[in-house]
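Taking it in order: structure first as structure tokens, then the write-up.
Side chains included, hydrogens not; waters and symmetry mates left out as well; all remaining heavy atoms used.
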Amino acid sequence: EYDGDRNSEGQRHGFGKARLPNGDTYEGGYERGLRSGRGTYRFKNGAVYTGNYLQNKKHGKGVFFYPDGSKYAGDWVDDQRQGYGEYLYANGDTYTGDWSHNKRHGQGTYVYKDTGSKYIGGWVNGMQEGPAELIHLNHRFKGRFLNGKPLGRGKYIFDIGCEQHGEYIQPLQEKEEEEEEEPSVPVEPKWKVSEITKLTPWTPHDEMSLSPREG
């Protein structure tokens, strides 16, 4: 059912309210029969989107409230989270930064509510990847990440005024003799310390120009 403006051809055009056959409702702008401009769409499952539409798709700025209590506020392109936005997760964690095709992608900051730790750095397809800083209560780690785990050279910086340099090494998985079809547990990268120093202005971008100092 529809209550609102129409154009001379009888299409929904202008402002209107609609109840869809599936129980969802929409109130907002229409253009030639399609949701366009500002509007609020309420899903039967409790989710709500309020923001911009273009030809029936979420497009532009908008806020989406999910049924689990999480919420995204930011840019949309073609019905997907794309551009810049902030996501508040159901567990209280937050991510603020770049999005592409509904995934965290680009540069962004993720804050863990339980620990107060904060990841600031690169993301690829929803995973932590690239140069980054992981900030904890009284120390932080600066280095590179791959597939959500630190890998390669980096350093821990402690508030007491010293640094621990080293690298995360991916241990080789040992092959079992019996070829059992058990899912292999991913091996965590191991931290190997090379030296402890006073505070230095090293960043992950510098590693290309460093000459090997391993003795």
Side-chain angles (χ1 to χ4, degrees), residues 1-134 145-149 183:
E1 36 189 284
Y2 174 75
D3 176 23
D5 304 333
R6 294 182 185 270
N7 61 12
S8 57
E9 292 154 42
Q11 297 170 313
R12 301 174 184 187
H13 194 87
F15 180 84
K17 299 178 184 181
R19 177 180 291 281
L20 287 80
N22 63 3
D24 296 352
T25 62
Y26 173 76
E27 183 173 332
Y30 281 93
E31 203 170 304
R32 301 186 65 81
L34 301 175
R35 293 188 292 277
S36 235
R38 297 270 317 157
T40 297
Y41 191 107
R42 296 176 189 281
F43 296 81
K44 203 170 70 171
N45 66 5
V48 178
Y49 171 79
T50 182
N52 284 301
Y53 276 93
L54 182 66
Q55 296 185 328
N56 266 2
K57 292 183 172 173
K58 297 184 281 291
H59 197 94
K61 298 262 181 228
V63 183
F64 200 115
F65 299 89
Y66 297 88
D68 64 0
S70 58
K71 165 188 156 185
Y72 171 80
D75 297 331
W76 297 81
V77 173
D78 218 15
D79 249 355
Q80 296 190 313
R81 297 188 292 272
Q82 179 131 345
Y84 186 86
E86 179 173 333
Y87 201 115
L88 167 66
Y89 293 87
N91 65 359
D93 292 359
T94 57
Y95 171 81
T96 309
D98 299 330
W99 293 81
S100 179
H101 297 98
N102 277 339
K103 292 184 173 170
R104 302 182 292 262
H105 190 91
Q107 289 294 307
T109 299
Y110 192 102
V111 180
Y112 299 87
K113 180 176 182 285
D114 279 356
T115 59
S117 295
K118 190 187 286 190
Y119 172 96
I120 304 172
W123 296 80
V124 175
N125 280 330
M127 299 287 276
Q128 297 170 342
E129 190 157 316
E133 202 167 356
L134 190 55
F145 282 70
L146 184 66
N147 289 328
K149 300 269 191 285

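- Taking both residues in full, the closest heavy atoms of Glu27 and Phe15 are given as CG-CZ, 3.6 Å, listed atom of the first, atom of the second, then distance.
- Residues in residues 35-57 take part in these salt bridge (charged side-chain N to carboxylate O under 4.0 Å, His left out) pairs, two or more places apart or across chains: Lys57-Asp78.
- In this view, Glu9 and Arg32 satisfy the salt bridge (Lys or Arg N to Asp or Glu O under 4.0 Å) rule, not counting sequence neighbours.
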Exercise. For side-chain contact (heavy atoms from CB on, under 4.5 Å), just list the numbers for Gln82 and Asp75, CA-CA rounded to whole Å, side-chain angles, deciding distance to a tenth of an Å, and then say yes or no.
Key: CA-CA 6 Å; Gln82 179 131 345; Asp75 297 331; 6.0 Å; no

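- For the side chain to side chain contact (heavy atoms under 4.5 Å, CB included) with Thr96, the qualifying choice from Tyr110, Tyr84, Tyr87 is Tyr84, the only one to do so.
- For Glu133, the salt bridge (Lys or Arg N to Asp or Glu O under 4.0 Å) partners are Arg140, not counting sequence neighbours.
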Identify every side-chain donor-acceptor pair in residues 47-54 under 3.5 Å, counting partners at least two apart or on other chains, and give the distances.
residue : atom : partner : partner atom : Å
Tyr49   : OH   : Asn52   : N            : 3.2
Tyr49   : OH   : Asn52   : O            : 2.8
Thr50   : OG1  : Thr40   : OG1          : 3.0
Asn52   : ND2  : Lys61   : O            : 3.4

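- The nearest pair of heavy atoms linking Gly121 to Ala132 is CA-CB, 3.8 Å.
- Aromatic ring orientation, Tyr30 versus Tyr2: perpendicular (interplanar angle above 60°, classes split at 30° and 60°).
- The side-chain heavy atoms of Asp5 and Arg12, taken from C-beta on, include no pair separated by under 4.5 Å.
- Of the inter-residue distances, the one linking Phe65 atom CZ with Phe43 atom CZ reads 13.0 Å to the nearest 0.5 angstrom.
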Practice problem: Before giving the answer on side-chain contact (heavy atoms from CB on, under 4.5 Å), spell out for Lys118 and Val111 the whole-Å C-alpha distance, their side-chain angles and the decisive distance to 0.1 Å. | Solution: CA-CA 4 Å; Lys118 190 187 286 190; Val111 180; 3.9 Å; yes

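- Nearest approach of Tyr26 to Leu20, heavy atoms of both residues: N-CD1, 4.4 Å.
- Applying the side chain to side chain donor-acceptor pair (under 3.5 Å) rule to pairs touching residues 15-24 yields Asn22-Asp24, Asp24-Tyr41, sequence neighbours excluded.
- Closest non-hydrogen pair, Ser36 versus Gln55, comes out as OG-N, 3.5 Å.
- More than 12 heavy atoms of other shown residues, nucleotides or ligands fall within 6.0 angstrom of atom CD in Gln11.
- Among pairs with a residue in residues 79-107, those fulfilling salt bridge (charged side-chain N to carboxylate O under 4.0 Å, His left out) read Lys58-Asp79, at least two apart in sequence or across chains.
- Closest non-hydrogen pair, Tyr95 versus His105, comes out as OH-N, 4.2 Å.
- Atoms CG and OG1, on Leu88 and Thr94 in that order, are 7.0 Å from each other to the nearest 0.5 Å.
- Separating the CG atom in Asn91 from the OG atom in Ser70 is a distance of 9.5 Å, to the nearest 0.5 Å.
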